[in-house]
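Taking it in order: structure first as structure tokens, then the write-up.
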There are 2 protein chains.
Amino acid sequence: MLKNIFAALPTDTGCETFDDLLNVPGLRIERIVSHGQASPPDFWYEQDEDEWVIVLQGAAVLQVEGHDTLVTLKQGDHHWLPAGLRHRINSTAPDGPTIWLAVHR
Amino acid sequence: MLKNIFAALPTDTGCETFDDLLNVPGLRIERIVSHGQASPPDFWYEQDEDEWVIVLQGAAVLQVEGHDTLVTLKQGDHHWLPAGLRHRINSTAPDGPTIWLAVHR
């Protein structure tokens with residue numbers, strides 16, 4: 001289990017990386033590191049769990065189904081994605097890692 | 001509700017400040033800002049809720065009942081405090097704000 005969210009940052013392998021910080025029944029907290037990745041066109045996340053995300057480094061743009069306006073997340077911005085809300089990652093910062101903290105329950 | 005965890009940092013008023021980032025049934029996520037505060041001597045938190053904390057800026061030292069070793073949290077370090085675990089804040093950084101993200105459920 002990763003002890004520090006800013007430690008052991010993965011290099012850019014062309015893929016996002018996912019590391020749990022906590023995993024107990026009913027609550028999982030993970031670090032996600034993106035290097036410019038986005039969701040494929042027309043791909044939507046539709047999750048059974050609630051998710052709360054915050055961007056701790058870098059930046060990202062979310063697209064939420066039914067909303068014309070994109071959600072821009074800069075360092076420190078957070079967003080609530082209740083279960084079933086279809087969403088996709090429109091973009092993440094191309095010039096360095098974007099570090100997310102995600103709370104799933 | 002606070003939109004950015006690093007925004008609108010309170011000045012040092014001599015007290016810790018608490019701001020919710022999310023508050024839905026069964027899940028509350030808050031920012032705590034400390035300016036060198038610690039728990040009073042012999043004061044222990046003993047909570048009905050589970051709590052997960054991460055230090056995003058600054059530093060802190062936790063004391064957990066029954067453990068001789070103090071838990072030092074520097075930027076990015078996190079700690080799990082299950083319900084009922086008696087703990088106290090031994091110290092926080094004296095030279096600037098310590099920003100905590102706390103997940104309660």
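Within every chain, numbering begins at 1; the chains are lettered A, B, ... in the order of the sequence lines, protein sequences first and strands thereafter.
Looking at heavy atoms from C-beta onward, A:Trp52 lies in side-chain contact with B:Ile29 at the 4.5 angstrom threshold.
At a threshold of 4.5 Å between side-chain heavy atoms, the hydrophobic network of Ile, Leu, Val, Met, Phe, Trp and Tyr places A:Val103 and A:Met1 in two separate groups. With hydrophobic clusters built from ILVMFWY side chains whose heavy atoms lie under 4.5 angstrom apart, A:Val53 does not share a cluster with B:Ile54.
Of all residues in residues 5-28 of chain B, those placing a non-hydrogen atom less than 4.5 angstrom from a non-hydrogen atom of chain A are B:Ile5, B:Phe6, B:Leu21, B:Leu22, B:Val24, B:Pro25, B:Gly26, B:Leu27. Interface with chain B: from residues 63-90 of chain A, residues A:Lys74, A:Gln75, A:Gly76, A:Asp77, A:His78, A:Trp80 qualify, criterion being any non-hydrogen pair under 4.5 Å.
Screening A:Leu2, A:Leu101, A:Asn4, A:Leu56 against A:Arg31 for a side chain to side chain contact (heavy atoms under 4.5 Å, CB included) leaves a single residue, A:Leu2.
Atom OG of B:Ser39 and atom CH2 of B:Trp44 lie 9.0 Å apart (nearest 0.5 Å).
Side-chain N or O atoms of B:Thr92 include none that pairs as donor or acceptor with a backbone N or O of B:Thr98 at under 3.5 Å.
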- For the pair B:Glu30 and B:His104, evaluate side chain to side chain contact (heavy atoms under 4.5 Å, CB included) and give the outcome as yes or no after the intermediate values. CA-CA 8 Å; B:Glu30 71 175 346; B:His104 307 267; 2.9 Å; yes
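Of all non-hydrogen atoms in A:Glu51 and A:Gln47, the two that sit nearest each other are OE1-NE2, 2.8 Å. Residues A:His35 and A:Pro97 come closest through the heavy atom pair NE2-CB, 3.7 Å.
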